[in-house]
Amino acid sequence: MRYISTRGSARALDFEGATLAGLASDGGLYVPERWPEFSRDQIAAMEGLSYAETAVHVLRPFVGDALSEEDLRGLCEAAYGRFSHAAVTPLKQLDHRHWLLELFHGPTLAFKDVALQLLGLLFEKFLAQHDTHLTVIGATSGDTGSAAIDALAGREKVDIFMLHPKGRVSEVQRRQMTTVLAPNVHNIAIEGNFDDAQRLVKSIFGDAQFADRFHLSAVNSINWARLAAQIVYYFYAAVRLGAPHRPVAFSVPTGNFGDVFAGYAAAKMGLPVAKLIVATNVNDILHRALSEGDYSVGELVPTAAPSMDIQVSSNFERLLFDLYDRDGDQMASLMRQFDAERHIAIPEATRDKIGALFTSTRIDADAMALAMRKAAEHAGEIIDPHTAIGFAAAMETQLDPHIPVVTLATAHPAKFREAVERATGQRPLLPQRVAGLFEREERYETLPAELQAIEGFVAERAQARA
Ligand SMILES: *Cc1c(COP(=O)(O)O)cnc(C)c1O
């Protein structure tokens, strides 16, 4: 399998190349040259498989010759062996048609672990075959940072620099990053918001000389391997609810459009996905883009679901690439226009191509809190604010009542316990696996949201460790 850039001019790479590169050199994102397809029989054959074995089946066509099947199996078993639930991503029933897919049983309590635990092992495996040192740079609204740091801490040949918006991640999120004292982990608190952090990371990658010198790589959801790993749980859940014989809908709390793009990929690969509900909070650029074609950057509003407080959704470019018939040149000019004007209009005829699959909903703070209370009252389930936005959107969306609707539960409620307590009156306990978090020493650097300051810090630390 080869991977091409959404902006048409970067060299095509294999799975190993795309995994290690992260962002393409022309500023675009890597996507598979074509979508692999599974027949109904192949999907039916996933019934009863363990999570790790499902991952081997789903990932094999994406990995291609980059790993033997035996190696892939070994990595999947190691990655998912670290989860605290034997089903890895268990389904829970909320009522006769609503389900939760719990994606937060990994080491840092959010769905990012599902992809990053595997990505950490892929990095190590691929780097072992080369004499290269990798510098991972990422921006986080909270959960990617902790999951990436857990996955990469102490690994040889990798340094990780993680930028988070100062004061805008929850205390649990911050401590999960800053209490990891491994020498290859460098936390940076940016004086700005998440979009500032994300823009800085993009600028660093855009500085070709710097990127070459330090062998930069990305662990944000712009990294294709992450999205590939997320496709697995759509198959795993749908097969348990009756696919391929029965279609299933998914409601996805969305920020950077990575998780829901994995659902789109699953549909492209033949999984009968009845609907993908793109659930946003009041930072609703995706809802405006999908419902009205208005992809324009608004004012960022901090909410109780900080991992969705995003205005520029990087992975939306991957969907646009398909919508614009995979025309890289057109995408490059469209994204240049977006960078300059902070706006693009998506014509209705273009949107119509995905109208049957996607729908979107904007959920405000009241609807979010109501969804938390409903899950608690109707099913005894305490859900986190992000999951609540997904569940609220699932309840609002009109669908054939025979279709099961799966809300992706993206974070453990204890990660956002103040918001959960405010809505439900119940204070979720931190699971045993993160006990002691509040007693540990923290380490991070505070820097202004300026390219020079960040590059200077990265260069100094990376050289000191070279
Ligand atoms: C990252 C995150 C999201 C958003 O996922 P995207 O892939 O960025 O759309 C939603 N909920 C939680 C808890 C997250 O950590």
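For ligands, and for the atoms within them, numbers begin at 1 and follow the listed sequence.
Side-chain contact annotation: His186 with Asp159, donor-acceptor N/O pair under 3.5 Å present.
Between Trp224 and Phe62, the distance separating the two ring centers is shorter than 6.0 angstrom.
The aromatic rings of Phe235 and Phe38 sit perpendicular to each other, their planes meeting at more than 60°, with 30° as the lower class boundary. The aromatic rings of Phe15 and Tyr3 are tilted relative to each other, their planes meeting at an angle between 30° and 60°.
Cation-pi check for Arg318 over Phe316 is not met; the charged atom does not lie both under 6.0 angstrom from the ring centroid and within 45 degrees of its normal.
Residues lining ligand 1 at a heavy-atom distance below 4.0 Å are given as Phe111, Lys112, Asp143, Pro253, Thr254, Gly255, Asn256, Phe257, Gly258, Asp259, Ser307, Met308, His386, Thr410, Ala411, ordered by chain and residue number.
Salt-bridge formation is not detected for the pair Glu16/Lys125: no Lys NZ or Arg NE/NH1/NH2 atom is positioned less than 4.0 Å from an Asp or Glu carboxylate oxygen.
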